Amino acid sequence: MILQALTRLFEDLVQQGKLARPGWSPAKISYALCLDEKGNLESVVPTLREVPVKNKTQLLPTPMELPSGATRSSGIVPFFLWDNSTYLLGVDAKPKPERSEKCFKACAEFHHELLDDVNSPIAAALLSFFDKWNPKEARNHPALADCWDDLMKGGNLIFRVNGQFAQDDPAIRAAWDAHYNQVQGEKQQCLVTGEMDVPEAVHPVIKGVTGAQSSGAAVVSFNAPAFCSYGKEQSLNAPVGKYAAFAYTAALNYLLSDRQNVHRIGDTSVVCWAEGAEPQYSAFAAMSLFGDALPEGLTERDLHNALKNLAQGLPCKELQLDPNRPFYILGLAPNAARLSVRFFYRDSFGTLMKHVNAHHERMEIIGSYYAITPLWAMLRETVNMNTSDKSPSPVMAGATARAIFTGSNYPASLLEATVLRIRAEREITPGRAAIIKAYYLKNANVSALKEVMTVSLNENSTNIPYTLGRLFAVYEAVQECANPGINATIKDKYFNSASATPATIFPILDNLCQKHLRKLDTGLRISFDKQISTLKNVLGETNPTRLTLPEQGSFNLGYYHQKQFRYQKKEDK
């Protein structure tokens with residue numbers, strides 16, 4: 001399914017002119033050799049374009065879609081319809097005219113081989129040019145007089161006959177395609193397209209995945225004897241035609257080449273696209289999932305409204321988003337010389353946004369740094385920021401991403417990593433509180449937890465662990481007022497044990513609180529006494545001996561909510 005989706009993406013990109021078909025590739029062209037219908041060289045026209053470079057304009061060659069050229073490290077290898085002056089004119093600045101003439105002769109033979117049987121005026125003009133042209137007299141040709149020095153500096157040339165580029169002639173294009181597709185081998189049914197094609201033994205490599213080999217790594221490859229059966233070796237075990245192998249790798253390399261649309265989740269590089277290759281879908285997904293910057297003219301309110309409409313299956317006409325459009329998300333991780341598929345998601349765009357919107361609603365918490373918490377910021381809450389490697393667990397990150405995309409339960413490892421950071425640092429950040437809230441809202445079946453998994457403080461809650469967390473926050477506030485700037489607070493000494501074994505720790509905290517209250521002025525002492533009495537009325541006379549992990553989550557959330565409530569009251573004053 002992955003290869004099929006990428007092959008369809010390739011065909012969409014070809015229709016939009018963003019990728020070239022097999023056998024064709026972009027080449028930078030500096031000049032056009034203008035011929036008449038008899039093959040006579042009339043003029044040489046520059047094809048340079050002005051490009052802004054560092055606050056000024058610079059003339060650069062124009063990229064054009066032309067027949068692919070073979071790798072040319074040494075020897076004489078001509079290209080079809082385009083090349084440098086050595087091959088098309090038989091001249092260059094090197095002091096070896098004999099080699100230049102051989103290059104021109106090889107180029108002429110190559111064009112005769114492909115065009116002799118082509119019935120086209122342009123093809124006839126090209127062959128006539130190669131038959132008439134004499135490299136020894138090129139220096140004196142009037143068409144080359146004004147541009148000779150520039151031609152000697154290098155640059156690629158193409159042919160233009162009576163105002164039409166040779167590569168645009170349908171008959172010539174068909175001749176090149178037939179030549180390019182002349183491959184040796186037995187045709188088999190391609191597993192991707194279903195068409196008969198010669199299978200590709202070694203698929204092209206994928207470049208741009210962070211952590212993988214810079215020279216490229218393979219998504220599909222076989223190199224162990226255990227994978228060989230019935231005499232089939234390498235990728236012939238799973239026959240993928242040459243067209244499909246070229247198409248899916250070209251499309252994936254195109255996605256990975258745009259670094260703004262490649263996102264990181266742990267060690268995983270994530271790309272996404274919609275059928276039709278319309279960029280607004282991946283751009284909106286990047287804003288709603290990964291926190292990409294909003295374009296000019298789009299506000300956070302607009303983003304929220306569009307997200308909610310799509311989640312309800314309604315189209316967003318302003319952004320040209322259709323909720324029924326098929327959408328894909330692919331996560332690739334490095335694995336030696338290969339790439340591992342960490343996850344692959346396919347569904348309608350509206351269904352994805354429904355899951356994403358529900359996730360953001362669960363993650364909503366008072367005091368958050370983000371209106372919509374990006375996935376990378378959420379996963380960062382599980383990482384020790386004092387270490388050199390600040391990447392979250394790859395397995396946990398991938399499982400969390402899948403849970404968000406599909407609307408399934410969050411992985412237990414997400415909660416475990418978050419609780420571990422809280423215990424190690426004794427700090428509940430807005431992101432960690434949001435993770436606890438989202439996890440238990442989605443995963444827990446305990447109805448008592450629902451009443452405390454709120455955005456802000458629930459003063460009417462009678463949940464015992466939640467109330468204990470609130471009481472601990474009040475005790476901490478009393479200590480801060482009694483001993484400003486104290487080095488070691490009760491949070492540093494007792495937070496972890498208080499959230500696990502409250503019956504043992506809270507009597508100690510009660511005694512400490514009474515000592516701290518004596519240091520306060522009357523008005524502040526009365527205010528704290530009222531808060532403590534209200535919370536103790538909910539708790540009763542005895543505290544739980546132990547709290548389960550979900551109950552500890554309620555404790556942590558109660559502590560966080562109470563602290564945020566205190567800060568909010570200060571801001572209101």
Side-chain angles (χ1 to χ4, degrees), residues 1-13 15-16 251-252 255 258 260-263 265 268 270-295 297-331 341-364 370-378 397-411 434 438-439 441-443:
M1 181 178 287
I2 298 175
L3 304 189
Q4 291 172 336
L6 288 170
T7 301
R8 284 196 295 270
L9 173 64
F10 169 79
E11 293 169 351
D12 291 335
L13 292 171
Q15 288 185 354
Q16 296 177 10
L252 189 50
L255 293 173
D258 187 357
Q260 291 184 346
N261 290 327
V262 180
H263 303 278
I265 301 178
T268 305
V270 182
V271 292
C272 52
W273 70 94
E275 276 193 14
E278 296 180 39
Q280 65 266 26
Y281 289 91
S282 56
F284 188 87
M287 291 185 287
S288 58
L289 266 173
F290 303 103
D292 280 19
L294 301 180
L298 186 68
T299 64
E300 288 187 353
R301 181 182 294 275
D302 296 332
L303 179 63
H304 276 282
N305 293 337
L307 185 58
K308 290 183 180 297
N309 287 339
L310 290 167
Q312 297 172 8
L314 302 175
C316 181
K317 296 181 181 179
E318 296 81 5
L319 300 177
Q320 299 180 344
L321 298 173
D322 178 11
N324 298 318
R325 181 66 59 88
F327 193 76
Y328 304 88
I329 303 177
L330 176 62
V341 177
R342 187 73 73 188
F343 52 80
F344 178 66
Y345 172 84
R346 180 199 181 278
D347 211 324
S348 68
F349 193 67
T351 302
L352 171 65
M353 291 301 109
K354 178 182 178 181
H355 297 325
V356 171
N357 183 63
H359 163 72
H360 288 317
E361 289 180 347
R362 291 190 294 266
M363 285 288 292
E364 187 178 357
Y370 306 95
I372 291 180
T373 304
L375 185 54
W376 63 264
M378 175 186 178
T400 302
R402 284 194 298 271
I404 296 172
F405 300 154
T406 61
S408 57
N409 285 351
Y410 297 105
Y439 182 88
L441 280 177
K442 180 64 179 177
N443 294 38

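Computed from a predicted structure; not experimentally measured.
Atom OG1 of Thr373 is separated from atom CD of Glu364 by 9.5 Å, given to the nearest 0.5 angstrom. Interatomic distance, Phe284 CZ to Phe349 CZ, rounded to the nearest 0.5 Å: 6.0 Å. Atom OG1 of Thr406 sits about 6.5 Å away from atom NE2 of His355, to the nearest 0.5 Å. Note that the CD1 atom of Ile329 and the CD1 atom of Ile404 stand 10.0 Å from one another [nearest 0.5 Å]. Note that CG of Leu375 and CG of Leu289 are 7.0 Å apart. Values are rounded to the nearest 0.5 Å.
For the residue pair Glu275 and Tyr281, no side-chain donor N or O sits within less than 3.5 Å of a side-chain acceptor on the partner.
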Discussion item. Assess the residue pair Gln280 and Leu319 against the criterion (side-chain contact (heavy atoms from CB on, under 4.5 Å)); give the C-alpha distance rounded to whole Å, side-chain angles, the decisive distance to 0.1 Å, and a yes or no.
Written reply: CA-CA 7 Å; Gln280 65 266 26; Leu319 300 177; 5.9 Å; no
Item to complete: Assess whether side-chain contact (heavy atoms from CB on, under 4.5 Å) is satisfied between Leu252 and Phe10, documenting all intermediate values.
Response: CA-CA 8 Å; Leu252 189 50; Phe10 169 79; over 6 Å; no
Practice prompt. Determine, stepwise, if the pair Met353 / Leu321 fulfils side-chain contact (heavy atoms from CB on, under 4.5 Å).
Written response: CA-CA 11 Å; Met353 291 301 109; Leu321 298 173; over 6 Å; no
Discussion item. Between His304 and Ile372, is the side-chain contact (heavy atoms from CB on, under 4.5 Å) condition met? List the steps.
Written reply: CA-CA 9 Å; His304 276 282; Ile372 291 180; 3.6 Å; yes
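A distance-only check finds a donor-acceptor pair linking the side chain of Trp376 to the backbone of Phe290 [under 3.5 Å]. A donor-acceptor distance shorter than 3.5 angstrom exists from the side chain of Asp12 to the backbone of Gly276, with no hydrogens or angles considered.
When all heavy atoms are compared, the tightest approach of Ala285 to Cys272 is CB-SG, 4.4 Å. The minimum heavy-atom distance between Ile265 and Ala397, with the atom names listed, is CG2-CB, 3.6 Å. The heavy-atom pair separating Met287 from Pro295 by the smallest distance is SD-CD, 3.4 Å. Counting all heavy atoms, side chain and backbone alike, Leu307 lies closest to Ser288 at CD1-CB, 4.4 Å. Nearest heavy atom pair, residue Ala371 against residue Glu300, reads CB-OE1, 3.2 Å. Residues Ala306 and Cys316 approach most closely at CB-SG, 3.8 Å, considering heavy atoms.
A 4.5 Å side-chain heavy-atom check between Leu294 and Asp302 finds every atom pair outside the cut-off. The side-chain heavy atoms of Tyr328 and Val271, taken from C-beta on, include no pair separated by under 4.5 Å. Between Thr400 and Met378 there is a side-chain heavy-atom pair separated by less than 4.5 Å. With contacts defined as side-chain heavy-atom distances shorter than 4.5 Å, the pair Pro326/Ser348 does not qualify. Proximity of Leu352 to Asp347: side-chain heavy atoms (C-beta onward) are nowhere separated by under 4.5 Å.
When each of Arg402, Lys442, His359 is checked for a side-chain hydrogen bond (donor to acceptor under 3.5 Å, both in side chains) with Tyr410, only His359 meets the rule. Tested against Leu255 for a side-chain contact (heavy atoms from CB on, under 4.5 Å), the candidates Leu6, Leu330, Val270, Leu13 yield a single pass: Leu6.
Residue pairs meeting the side chain to side chain donor-acceptor pair (under 3.5 Å) criterion with at least one member in residues 313-324: none, sequence neighbours excluded.
Partners of Glu11 according to the salt bridge (Lys or Arg N to Asp or Glu O under 4.0 Å) rule, which considers only residues two or more places apart in sequence or in another chain, do not exist here.
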